[in-house]
Amino acid sequence: MNITDTMVGRDLQALRAAVAGQVFVPGQAGYDQARQGWNLAVDTRPAVVVAAGSAADVTQAVRYARAHGMRVAPQGTGHGAEPLEPLDGAMLLRTTRMRQVRIDPATRTARAEAGATWADVTVPAGRHGLAALAGSSPDVGVTGYTLGGGLGWLARRYGLAANSVTAAELVTPDGDLVRADAAHEPDLFWAVRGGGGVGVVTALEMRLYPVDQLYAGDLFFPIQRAAEVLRAWRDWTATVPDEVTSLAHLLRLPPAPELPEPVRGRAFAILEAACLADADAGAELIGPLRRLGPERDTFAMIPAPALGQLNMDPPQPVPSQGDGAFLAGFPAAAIDTLVALAGPDAGTPLASIEVRHLGGALARPAPGGGAQPSIDANYLIFAAGAAPAPDLAAAIRAQAHAVKHALAPWHAGYDYYNFEETPAPASAVLPPASYRRLQQIKAAYDPDQVIISAHPAWPARP
Ligand SMILES: Cc1cc2nc3c(=O)[nH]c(=O)nc-3n(C[C@H](O)[C@H](O)[C@H](O)COP(=O)(O)OP(=O)(O)OC[C@H]3O[C@@H](n4cnc5c(N)ncnc54)[C@H](O)[C@@H]3O)c2cc1C
C-alpha cells in the first residue's frame, strides 16, 4: 500500500498545511510509530494518523475528515485500544503531544489537555497536598479513563473520576470547538462524564481533593492461600468505611531481573488497599487482613501520587489482552469458581486477575452526575495477560472470557466501560437509561457516526 492508494483525491497537502502537528500516511516513515498505542497487541491501519499539537489542530483535522468523508478515532495513550473497531479508511487522531496541565490550588481544580497521563496531573497536584481521582496506572490517559468512568484508589470516598469533571473543551463532530459544563452544552457535558463522549475532547477540568498522605500498601500471600485470602478479604470489605478502597489480586510475576528477588517469577494472592487515614487508624483498619500473616507487607503512609505504584501495573507498553465484568456479589461459590480457574492449580496464562471492591460513594447517585451517575454493583473483576504472540493472545483472550463467563451467575446488569476490552456497544457498558439518552445525543450531534468511540452508541432513529 502506498500513500496514493489510501489518500488518493483527499488533498493531503491541505491537511498538512492546516495542522501544526504531524500527519502520517501508510508507507511513510513514522506511520507505524504514530499508529502504535500502549497496547502492542492492537494493530490498526488507519488511512491517516494526525498527531495533533493543539485544540486548533484537532478542529482542523475533524473538519478535514468531515469534508473528505472520513471517520475519526480520537486516541491518547492507546491503553484502551483493544475494543476499537478496525480503523481502515479512518483518521486516527492522536492527542499524545497535548499534555499541558494546570493546577489551581485555590479552587482545587486541574485542567489537563487531552493527551495528559495521570502522572502528569497527580505529581503537580501532590505538590499542593491535592489528589486527583487517578486509576491504578500513572501512564493511563486522563481523557480515555475519565470518559469511561474512571475507578481509582479514592473511588469509594469520592466516586468516579467522571463525576468530578467540571468542564470539557471539545471539538464537535461538525468541527466546532466548544466548552461543555453545567451551564453550556449540557448534553455534551453529560456524555463526556462516563458515556465515552460525543466529539473529540481537547481538555478536561476536574475537581481535586485534599489528600496529601494516606495509609496504603499491599499484603503478599503465596497463591496457594488464594481461597482463604479471598474469603477473608470479601468478609472484611463488608465492614470497611468509604475511606477504604481495596482490591484482591491474583498476580503471576515473570522471572524478570528488574523485579525484587523475593517476588521474581512467583505467583501471589495480594490484598491492596488505600485508606484515607493516618498510620494508627490505617493500621487498625487493615488489622484483620494483616492478622492473616502475609509474607510481605508494604503498608505505610505514602504521598497520594505514589498510589500509582500500588497495583504494579506494567510501566511500559505491552501486548495485552483482557476482559472484565461488574459483579453484584462475590460469595463463597464465586470465589471457588474463580480459584478453580485462576488459583494455584490452574496453570492459566492469565498474569493478573483483580477483584475490586465498589460501593461507598460509587453506589450513591452523584449530584448532577453524568452518564454513569452511580454503579449498581459491589465488585468488579478484570482478568488480563501479556500476549507477545498471536497464538498466546488467543489463549489469553479465551481464558479471560472463560473467567468472565464462569462468574456469569453473579454478573451485574451491565459491564464496566473501561474494563470491557472485547468490542462491545455502549449499551453493554452503560445503564439502560444512559444508553438511551446517549443515542438521542448522538442523533443530535453525530448522526453520521463520524466519531469512532471505544464502545459505539448508534444514533436514535427519529
Ligand atoms: C495498565 C492499565 C491500568 C488501568 N487501570 C484502570 C483503573 O484503575 N481504573 C479504570 O477505570 N480504568 C483503568 N484502565 C482502563 C483505562 O481507563 C481504559 O483503557 C481507558 O480507555 C484508557 O484511556 P486512554 O486515554 O489511556 O486510552 P486510549 O486508548 O488513548 O483511549 C481510549 C478511548 O477513549 C476515548 N478517547 C481517548 N481520548 C479521547 C479524546 N481526546 N476525545 C474523545 N475520546 C477520546 C476513545 O474512545 C478511545 O478509543 C486501565 C488500563 C490499563 C491498560
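One-based numbering, in listed order, for ligands and for the atoms of each. Any value given below was found using the heavy atoms of this structure, including those in side chains, with hydrogens, waters and symmetry copies removed.
For atom 11 (O) of ligand 1, the nearest non-hydrogen atom from the set Phe382, Tyr416, Phe419 comes from Tyr416. Between Ser352, Gly199, Gly197, it is Gly199 that holds the heavy atom closest to atom 43 (C) of ligand 1.
Those atoms of ligand 1 that come under 4.0 Å of a heavy atom in Gly78, given as number and element, are 27 (O), 28 (P), 29 (O), 30 (O). Listed by number with element, the atoms of ligand 1 under 4.0 Å from a non-hydrogen atom of Leu151 are 7 (C), 8 (O), 9 (N), 10 (C), 11 (O). Ligand 1 places these atoms under 4.0 Å from at least one heavy atom of Ser453: 47 (O). In summary, the atoms of ligand 1 found under 4.0 Å from a heavy atom of Ala81, numbered by their order in the structure, are 29 (O). Those atoms of ligand 1 with a heavy atom of Leu84 less than 4.0 angstrom away are 49 (O). Against a heavy-atom cut-off of under 4.0 Å, Ser137 is close to the following atoms of ligand 1: 3 (C).
Evaluation of the ring pair (Phe, Tyr, Trp, His ring centres under 6.0 Å) test over residues 353-375, restricted to residues two or more places apart or in two chains, returns His357-Tyr379.
At a heavy-atom distance under 4.0 Å, only side-chain atoms of Arg356, from C-beta outward, approach ligand 1. Using a 4.0 Å cut-off between heavy atoms, Asp313 contacts ligand 1 through its side chain alone, with no backbone atom that close. At a 4.0 Å heavy-atom cut-off, ligand 1 does not touch Thr117 at all. Contacts between Ala114 and ligand 1 below 4.0 angstrom, taking non-hydrogen atoms only, involve the side chain exclusively. Only the side chain of Leu147 comes within 4.0 Å of ligand 1, judged by heavy-atom distances.
The only member of Tyr414, Tyr417, Phe419 that meets ring-ring contact (aromatic ring centres under 6.0 Å, His included) when paired with Phe326 is Tyr414.
At a cut-off of 3.5 Å, with distance as the only test, no side-chain donor of Thr109 or Asp104 sits close to an acceptor on the other residue. Using modelled atom types and a 3.5 Å distance limit, the side chains of Asp43 and Gln36 yield no donor-acceptor pair. For the residue pair Arg111/Thr166, the side-chain donor-acceptor check at 3.5 Å is not satisfied. Donor-acceptor pairing under 3.5 Å is recorded for the side chains of Tyr209 and Ser164.
Aromatic rings from Phe330 and Trp410 are positioned such that their centres are separated by 6.0 Å or more. Ring centroid separation for the pair Phe268 and Phe221 does not come in under the 6.0 Å cut-off.
Geometrically, Arg193 engages Phe189 in a cation-pi contact, judged by NZ or CZ lying under 6.0 Å from the ring centre and within 45° of the ring axis.
Inclusion of Gly135 in the set of residues having an N or O under 3.5 Å from an N or O of ligand 1 is not warranted. Distances between N or O atoms of Thr95 and those of ligand 1 include no value under 3.5 Å. Backbone and side-chain nitrogen or oxygen atoms of Thr143 are examined, and none is located within less than 3.5 angstrom of a nitrogen or oxygen of ligand 1. At least one N or O atom of Ala454 sits closer than 3.5 Å to an N or O atom of ligand 1.
Among protein heavy atoms, the minimum distance from atom 15 (C) of ligand 1 is reached at Asn418 O, 3.5 Å. Of all protein heavy atoms, the one closest to atom 25 (O) of ligand 1 is Gly144 N, 3.1 Å.
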Please tabulate, for side-chain N and O atoms in residues 361-370, each donor-acceptor pair with protein atoms closer than 3.5 Å (sequence neighbours left out).
| unit_1 | atom_1 | unit_2 | atom_2 | d |
| --- | --- | --- | --- | --- |
| Arg364 | NH1 | Asp242 | OD2 | 3.4 |
| Arg364 | NH2 | Asp242 | OD2 | 2.8 |

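The minimum heavy-atom distance linking His455 with Ala426 is given by the pair O-CB, 3.4 Å.
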